[in-house]
Each structure stands twice: as structure tokens, then as C-alpha cells.
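Read through the structure below, which is laid out as C-alpha cells, and then see the notes.
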Amino acid sequence: MGLLPHSEPQKTKPKFSFTSTSLLVVYGIVISHGISLSVVTPFIAEFCHHRLGYSPDAIGDAAGWLIGVFSFAGFFSSFFIGHLTDLFGRKPLVLMGLFVSATTTLCFGFSKTFPVALLLRFTGGFLNGNAA
């Protein structure tokens, strides 16, 4: 009787290894989203009063809209961004989200009218599907 030689199962390398570099990129994305969401909070009242010209009685409403529209837009765009991720891949959409987040946050600081500021916050939230 002949015995077959014992063969070890071949170890296959996984297609994706979760390295520390990947983890740092994910942390950077999460931190970027958190900064974009909350960076306006400390100075939003002064911004609405001095830059946009709101009276002290109306600052709360304007500040609420400017802070809330970012999350509102992100909530409604997360499914759309997820579908685009399936079509085009993660990398292009992550890069687009980071670029849009940085651009809209910077432009928001220079906006002089409420509709422009609101549109920038909405656009930043809508196209920043990185956290989703």
C-alpha cells in the first residue's frame, strides 16, 4: 500500500491586511469629519453677529441652521455616497470628501451672507460621506 505524502495546506495571504497605515488613514478621516462638524461651534455666535449682521435676538436661529444643516445633509446623502462608493471605489470618494470638507470649511469662514454660509455648510455635509 502506498501512502500519499503528507502535504501542508498552502497558506494564502489575505487580499487586504489591516495595517497601522490603514488605521491611521481611517482615524484621519474620522477626525476630519469631527473637525468639519464642530469647528464652527465656538465662534458661530460672533460670526452670525459681526460677519452676517444678525441681531442678538436672531443669532440662535441662524447659528442653529448653520450647525444643523451639516448633519442634516450628511444624513440624507450617506446612502447616495455609499452607492457612489460601490461604483467608483472608496479612494476617489474619500479623497473627494476630504477635499470638499477642507474647501467648504475654509470658504465658510470667508462667507459674508447667510445663504452662502448655509450653502457651504450644506455642501460640506452632503459631500462629506467619509463618516458614513
Side-chain angles (χ1 to χ4, degrees):
M1 276 194 216
L3 295 174
L4 294 175
H6 179 68
S7 62
E8 291 286 323
Q10 291 183 354
K11 294 181 181 180
T12 59
K13 187 176 179 182
K15 291 182 181 179
F16 176 77
S17 63
F18 200 68
T19 62
S20 59
T21 305
S22 304
L23 191 59
L24 287 174
V25 170
V26 171
Y27 283 154
I29 291 167
V30 171
I31 289 171
S32 167
H33 182 75
I35 289 172
S36 295
L37 178 64
S38 63
V39 72
V40 300
T41 305
F43 65 86
I44 194 72
E46 293 293 320
F47 180 79
C48 288
H49 181 63
H50 295 294
R51 186 84 166 177
L52 302 179
Y54 278 90
S55 68
D57 295 336
I59 288 175
D61 293 335
W65 275 100
L66 290 174
I67 291 173
V69 75
F70 187 91
S71 297
F72 181 76
F75 172 74
F76 284 106
S77 72
S78 61
F79 296 111
F80 175 68
I81 297 292
H83 179 67
L84 289 178
T85 301
D86 292 340
L87 293 175
F88 300 110
R90 285 188 197 114
K91 190 181 282 186
L93 277 126
V94 165
L95 291 175
M96 183 226 21
L98 290 172
F99 176 74
V100 168
S101 175
T103 305
T104 57
T105 302
L106 181 67
C107 291
F108 172 77
F110 292 109
S111 61
K112 294 182 180 179
T113 64
F114 182 75
V116 170
L118 193 67
L119 180 66
L120 287 168
R121 290 292 288 169
F122 181 84
T123 304
F126 191 84
L127 296 175
N128 192 3
N130 295 330

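Keep in mind that the numbers below use all heavy atoms, side chains included, and drop hydrogens, waters and symmetry copies. What you are looking at is a predicted structure, and each value in this text was computed from that prediction instead of being measured.
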Taking distance alone, no hydrogens or angles, what donor-acceptor pairs closer than 3.5 Å link side-chain atoms of residues 88-96 to residues at least two apart or in another chain?
none

Pair up each side-chain donor or acceptor in residues 107-124 with any protein partner under 3.5 Å, not counting sequence neighbours, and list the distances.
unit_1	atom_1	unit_2	atom_2	d
Ser111	OG	Phe108	O	2.7
Arg121	NE	Leu66	O	3.1
Arg121	NH1	Ser36	O	2.9
Arg121	NH2	Leu37	O	3.3
Thr123	OG1	Leu119	O	2.7

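The shortest side-chain heavy-atom distance between His49 and Pro56 falls under the 4.5 Å cut-off.
Of all the heavy atoms in Cys48 and Ala62, the pair that sits closest is SG-CB, 3.9 Å. Here the shortest heavy-atom pairing between Val39 and Phe43 reads O-CE2, 3.2 Å.
Take His50 and apply the side chain to side chain donor-acceptor pair (under 3.5 Å) test, not counting sequence neighbours, and it matches Glu46. In this view, Ala58 and Tyr54, Ser55 satisfy the side chain to side chain contact (heavy atoms under 4.5 Å, CB included) rule, not counting sequence neighbours.
Put simply, the residue from Val30, Leu23, Ile29 that forms a side chain to side chain contact (heavy atoms under 4.5 Å, CB included) with Tyr27 is Leu23.
With side-chain heavy atoms closer than 4.5 Å counting as contact, directly or through intermediates, the hydrophobic cluster containing Phe75 also holds Phe72, Phe76. The hydrophobic side chain of Leu24 is isolated, with no ILVMFWY side chain under 4.5 Å apart from it.
Taken to the nearest 0.5 Å, the CG atom of Leu98 stands 12.5 Å off from the CG atom of Leu127.
No path of Ile, Leu, Val, Met, Phe, Trp and Tyr side chains, each step under 4.5 Å between heavy atoms, connects Val40 with Leu106, placing them in separate hydrophobic clusters. Under the 4.5 Å side-chain heavy-atom criterion for ILVMFWY residues, no single connected hydrophobic cluster contains both Phe79 and Phe70.
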